[in-house]
Trainee: 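Below is one structure. I have some questions about it.
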Amino acid sequence: MNVKRVDLNSDVGEGFGAYKLGLDEQVLPLISSANVACGFHGGDPSLMRRTVALARQHGVAVGAHPGFPDLMGLGRRRLEASPGEVEDYVTYQIGALHAFTKEEGLRLQHVKLHGALYNMASEDINLWEAVARAVARFDPSLVLFTLAGSRQKEMENISARLGLKIAVEFFADRAYNPDGSLVSRRLPGAVIHDHESAAERVVRMVTENKVICRDGKELEVKAQTICVHDDNPAAVSLTQRIRQALQSVGVQIAPVSSFL
């Protein structure tokens with residue numbers, strides 16, 4: 001019997017210096033893949049080292065989480081950057097995290113963009129290609145996480161041409177627009193706080209490949225990895241509820257590299 005498998009990921013290591021952000025210690029034991037901030041939108045060398053070590057301790061796969069150089073705005077502000085600049089930003093950040101995973105005896109599994117860079121690359125195929133080019137040049141075995149949406153087929157074609165695998169990502173606690181983009185955090189209802197509702201959405205997406213959008217219509221989403229943000233006080237209980245809901249319908253939680 002084929003067992004359905006899905007990855008559960010979270011953005012971690014996003015504090016900086018004396019500033020702590022997120023519930024990394026509590027969330028890491030509950031996920032299968034960690035997106036570790038690489039110093040541009042969050043994170044610093046010491047925090048990167050600690051986060052990678054903590055991921056290894058819990059058997060969690062590690063990926064780079066590059067964003068814009070915007071500590072003040074946590075990488076959520078849109079910056080003007082050429083494809084060449086974006087390619088260099090991504091290369092720089094993957095390389096920084098790779099140094100720490102190598103010291104811990106781990107292999108980088110994936111790359112997931114952060115915040116505004118993630119959204120802009122999902123909208124602008126030239127930026128996406130710059131990101132994919134940076135990843136492929138660094139290590140073509142890395143899996144590139146991407147948002148489902150109108151550009152998905154183009155993204156898949158570019159990734160395939162460069163020899164990359166992609167994992168489509170679903171956001172457990174975010175509302176969706178009909179085109180597959182995420183509802184802006186500035187709008188009401190953009191973040192889903194009800195744990196039962198979030199868990200139901202995840203189970204339906206995994207088992208039926210469907211999600212209800214902001215306008216009430218159904219969107220088809222076939223995702224291999226599910227993101228739960230750990231930067232809110234309810235992150236631990238939300239992640240636990242999603243794990244329970246998936247396991248109750250026979251879904252196995254595992255890193256993407258184990259089944260892609």
Trainee: For Thr51 and Val62, run side chain to side chain contact (heavy atoms under 4.5 Å, CB included): C-alpha distance rounded to whole Å, both residues' side-chain angles, the deciding distance at 0.1 Å, then the answer.
Mentor: CA-CA 9 Å; Thr51 306; Val62 174; over 6 Å; no
Trainee: For the residue pair Met72 and Asp70, establish whether any side-chain heavy-atom pair is separated by less than 4.5 Å.
Mentor: yes
Trainee: Provide the closest heavy-atom pair for Ala190 versus Val183 in the form atom of the first, atom of the second, distance.
Mentor: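 Nearest pair, atom of Ala190 first, then Val183: CB-O, 3.7 Å.
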Trainee: Can you tell me how far CG of Leu182 sits from OH of Tyr118, rounded to the nearest 0.5 angstrom?
Mentor: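 The OH atom of Tyr118 sits 7.0 Å away from the CG atom of Leu182.
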Trainee: Report the residues that fulfil side-chain contact (heavy atoms from CB on, under 4.5 Å) with Asp124, sequence neighbours left out, ordered by chain and then residue number.
Mentor: Asn126, Leu127
Trainee: Side chain to side chain contact (heavy atoms under 4.5 Å, CB included), that's the test. Do Phe171 and His229 meet it? Break it down for me.
Mentor: CA-CA 9 Å; Phe171 287 80; His229 291 104; 3.6 Å; yes
Trainee: Is any side-chain N of the basic residue among Arg241 and Glu196 closer than 4.0 Å to the acidic one's carboxylate O?
Mentor: yes
Trainee: So, Ser197 side chain and Asp194 main chain: donor-acceptor pair closer than 3.5 Å or not?
Mentor: no
Trainee: Thinking salt bridges, do Glu104 and Arg49 make one under a 4.0 Å N-O criterion?
Mentor: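 No salt bridge links Glu104 with Arg49.
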Trainee: How would you list, by chain and number, every residue that makes a salt bridge (Lys or Arg N to Asp or Glu O under 4.0 Å) with Glu80, sequence neighbours excluded?
Mentor: none
Trainee: Taking Ser82's backbone N and O only, do any of them form a donor-acceptor pair with Glu85's side chain (distance below 3.5 Å, no angle check)?
Mentor: yes
Trainee: Hey, does the side chain of Asn35 reach the backbone of Lys112 with a donor-acceptor pair shorter than 3.5 angstrom?
Mentor: no
Trainee: State plainly whether one hydrophobic cluster holds both Val143 and Leu162, where clusters connect Ile, Leu, Val, Met, Phe, Trp and Tyr through side-chain heavy atoms under 4.5 angstrom apart.
Mentor: no
Trainee: Nearest 0.5 Å, what's the CD1-CD distance between Ile166 and Gln224?
Mentor: 7.5 Å
Trainee: Without swapping roles, check the side chain of Arg214 against the backbone of Pro178 for a donor-acceptor pair under 3.5 Å.
Mentor: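 Checked: no pair found.
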Trainee: Could you measure the distance from the CE atom of Met155 to the CG atom of Leu164? Nearest 0.5 Å is fine.
Mentor: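 It comes to 13.0 Å.
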Trainee: State whether Lys20 and Glu25 are salt-bridged, where the test is any N-O pair (Lys NZ or Arg NE/NH1/NH2 against Asp/Glu carboxylate O) under 4.0 Å.
Mentor: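 The answer is yes: the pair qualifies as a salt bridge.
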Trainee: Answer yes or no: is there a donor N or O on one side and an acceptor on the other, between the side chain of Gln252 and the main chain of Arg5, under 3.5 Å?
Mentor: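 The answer is no, because no donor-acceptor pair under 3.5 Å joins these two groups.
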Trainee: Run the side chain to side chain contact (heavy atoms under 4.5 Å, CB included) check on Phe100 and Val36 step by step: do they pass?
Mentor: CA-CA 11 Å; Phe100 292 110; Val36 182; over 6 Å; no
Trainee: State, to 0.1 Å, how close Ala175 and Arg201 come at their nearest heavy-atom pair, and which atoms those are.
Mentor: CA-NH2, 4.2 Å
Trainee: Keeping the roles fixed (side chain from Asn177, backbone from Asp179), state whether a donor-acceptor pair exists under 3.5 Å.
Mentor: no
Trainee: Do Gln240 and Val236 have side-chain heavy atoms sitting under 4.5 Å apart?
Mentor: yes
Trainee: Check for a donor-acceptor pair, side chain of Gln93 on one end and backbone N or O of Gly67 on the other, with a separation under 3.5 Å.
Mentor: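 It does hold such a pair.
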Trainee: Indicate whether any N or O donor in one side chain lies under 3.5 Å from an N or O acceptor in the other, for Asn9 and Ser33.
Mentor: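 Checked: Asn9/Ser33 side chains show no N/O donor-acceptor pair below 3.5 Å.
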Trainee: Is there a donor-acceptor contact under 3.5 Å from the side chain of Arg174 to the main chain of Ile192?
Mentor: no
Trainee: Any chain of hydrophobic side-chain contacts (each under 4.5 Å) joining Val86 to Phe145?
Mentor: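 Different clusters.
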Trainee: What residues form a ring pair (Phe, Tyr, Trp, His ring centres under 6.0 Å) with His114, not counting sequence neighbours?
Mentor: His41, His65
Trainee: Would you sort out whether Val206 and Ile226 count as a side chain to side chain contact (heavy atoms under 4.5 Å, CB included), showing the intermediate values?
Mentor: CA-CA 9 Å; Val206 173; Ile226 299 162; 3.8 Å; yes
Trainee: For the residue pair Ser257 and Arg107, confirm or rule out a side-chain donor-acceptor distance under 3.5 Å.
Mentor: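 On atom types as modelled, these side chains do not qualify, holding no pair under 3.5 Å.
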Trainee: Regarding Glu156 and Gln152, do their side chains bring together a donor and an acceptor under 3.5 Å, going by distance alone?
Mentor: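 Yes, Gln152 and Glu156 have a side-chain donor paired with an acceptor closer than 3.5 Å.
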Trainee: Identify, with sequence neighbours excluded, every residue that meets ring pair (Phe, Tyr, Trp, His ring centres under 6.0 Å) alongside Phe68.
Mentor: none
Trainee: If you group Ile, Leu, Val, Met, Phe, Trp and Tyr by side-chain heavy-atom gaps below 4.5 Å, do Leu23 and Val60 land in one group?
Mentor: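 Shared cluster, yes.
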Trainee: Just how far is it from atom CG of Asp139 to atom NE2 of His110, taken to the nearest 0.5 Å?
Mentor: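 Separation between the atoms: 13.0 Å.
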Trainee: Once rounded to the nearest 0.5 Å, what's the spacing between atom CE of Met205 and atom CG of Asn209?
Mentor: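 Interatomic distance, Met205 CE to Asn209 CG, rounded to 0.5 Å: 7.5 Å.
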Trainee: Would a 4.5 Å heavy-atom cut-off, applied to side chains only, mark Arg185 and Arg76 as touching?
Mentor: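 In short, these two side chains touch, coming nearer than 4.5 Å.
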Trainee: For residues Cys213 and Leu219, report the shortest heavy-atom separation together with the two atoms involved.
Mentor: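 Smallest interatomic distance, heavy atoms only, reads SG-CB, 3.4 Å.
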Trainee: Can you tell me how far CD1 of Ile253 sits from OG of Ser258, rounded to the nearest 0.5 angstrom?
Mentor: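 So the OG of Ser258 and the CD1 of Ile253 are separated by 11.5 Å.
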Trainee: Counting C-beta onward and ignoring hydrogens, is there a side-chain heavy-atom pair between Leu79 and Pro69 closer than 4.5 Å?
Mentor: yes
Trainee: Can you confirm whether more than 12 heavy atoms, excluding those of Lys102, are under 6.0 Å from its NZ atom?
Mentor: no
Trainee: May I ask you to say whether Glu218 pairs ionically with Arg204, meaning some side-chain N is under 4.0 Å from a carboxylate O?
Mentor: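 A salt bridge links Glu218 with Arg204.
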Trainee: Between Thr225 and Leu8, is there a donor-acceptor pair closer than 3.5 Å when you use the side chain of the first and the backbone of the second?
Mentor: no
Trainee: Where is the tightest heavy-atom contact between Gly43 and Ala37, given as atom of each residue plus distance?
Mentor: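 Closest approach of Gly43 to Ala37, heavy atoms only: N-CB, 4.2 Å.
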Trainee: Any chance the side chains of His193 and Asp173 put a donor and an acceptor closer than 3.5 Å?
Mentor: no
Trainee: Do Tyr176 and Leu147 have side-chain heavy atoms sitting under 4.5 Å apart?
Mentor: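 Yes, their side chains come closer than 4.5 Å.
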Trainee: Quick one: hydrophobic cluster around Phe16, which other residues, with the 4.5 Å side-chain cut-off, linked directly or via members?
Mentor: Leu71
Trainee: Val203, Val228: one ILVMFWY side-chain cluster at the under-4.5 Å cut-off?
Mentor: yes
Trainee: Taking Asp44 for its side chain and Gly17 for its backbone only, find out whether a donor-acceptor pair lies under 3.5 Å.
Mentor: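 The answer is yes, because a donor-acceptor pair under 3.5 Å joins these two groups.
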Trainee: Does the side chain of Tyr19 pick up a donor-acceptor pair with the side chain of Glu14 at under 3.5 Å?
Mentor: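 No donor-acceptor contact under 3.5 Å links the two side chains.
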Trainee: Counting C-beta onward and ignoring hydrogens, is there a side-chain heavy-atom pair between Ser159 and Lys165 closer than 4.5 Å?
Mentor: no
Trainee: Identify the heavy atoms of Leu108 and Ala64 that sit nearest to each other, and give their distance.
Mentor: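 Heavy atoms of Leu108 and Ala64 come nearest at CD2-N, 4.1 Å.
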Trainee: Check Glu169 against Cys227 and note the closest heavy-atom contact, atom names and distance.
Mentor: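 Of all heavy-atom pairs spanning Glu169 and Cys227, the closest is OE2-CB, 3.1 Å.
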Trainee: Does one hydrophobic cluster hold both Trp128 and Leu117, with members joined at side-chain heavy-atom distances below 4.5 Å?
Mentor: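 They do share one cluster, since a chain of ILVMFWY contacts under 4.5 Å joins Trp128 to Leu117.
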Trainee: Tell me every residue that passes ring pair (Phe, Tyr, Trp, His ring centres under 6.0 Å) with Phe138, counting only those two or more places apart in sequence or in another chain.
Mentor: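 So Phe138 forms a ring pair (Phe, Tyr, Trp, His ring centres under 6.0 Å) with His98.
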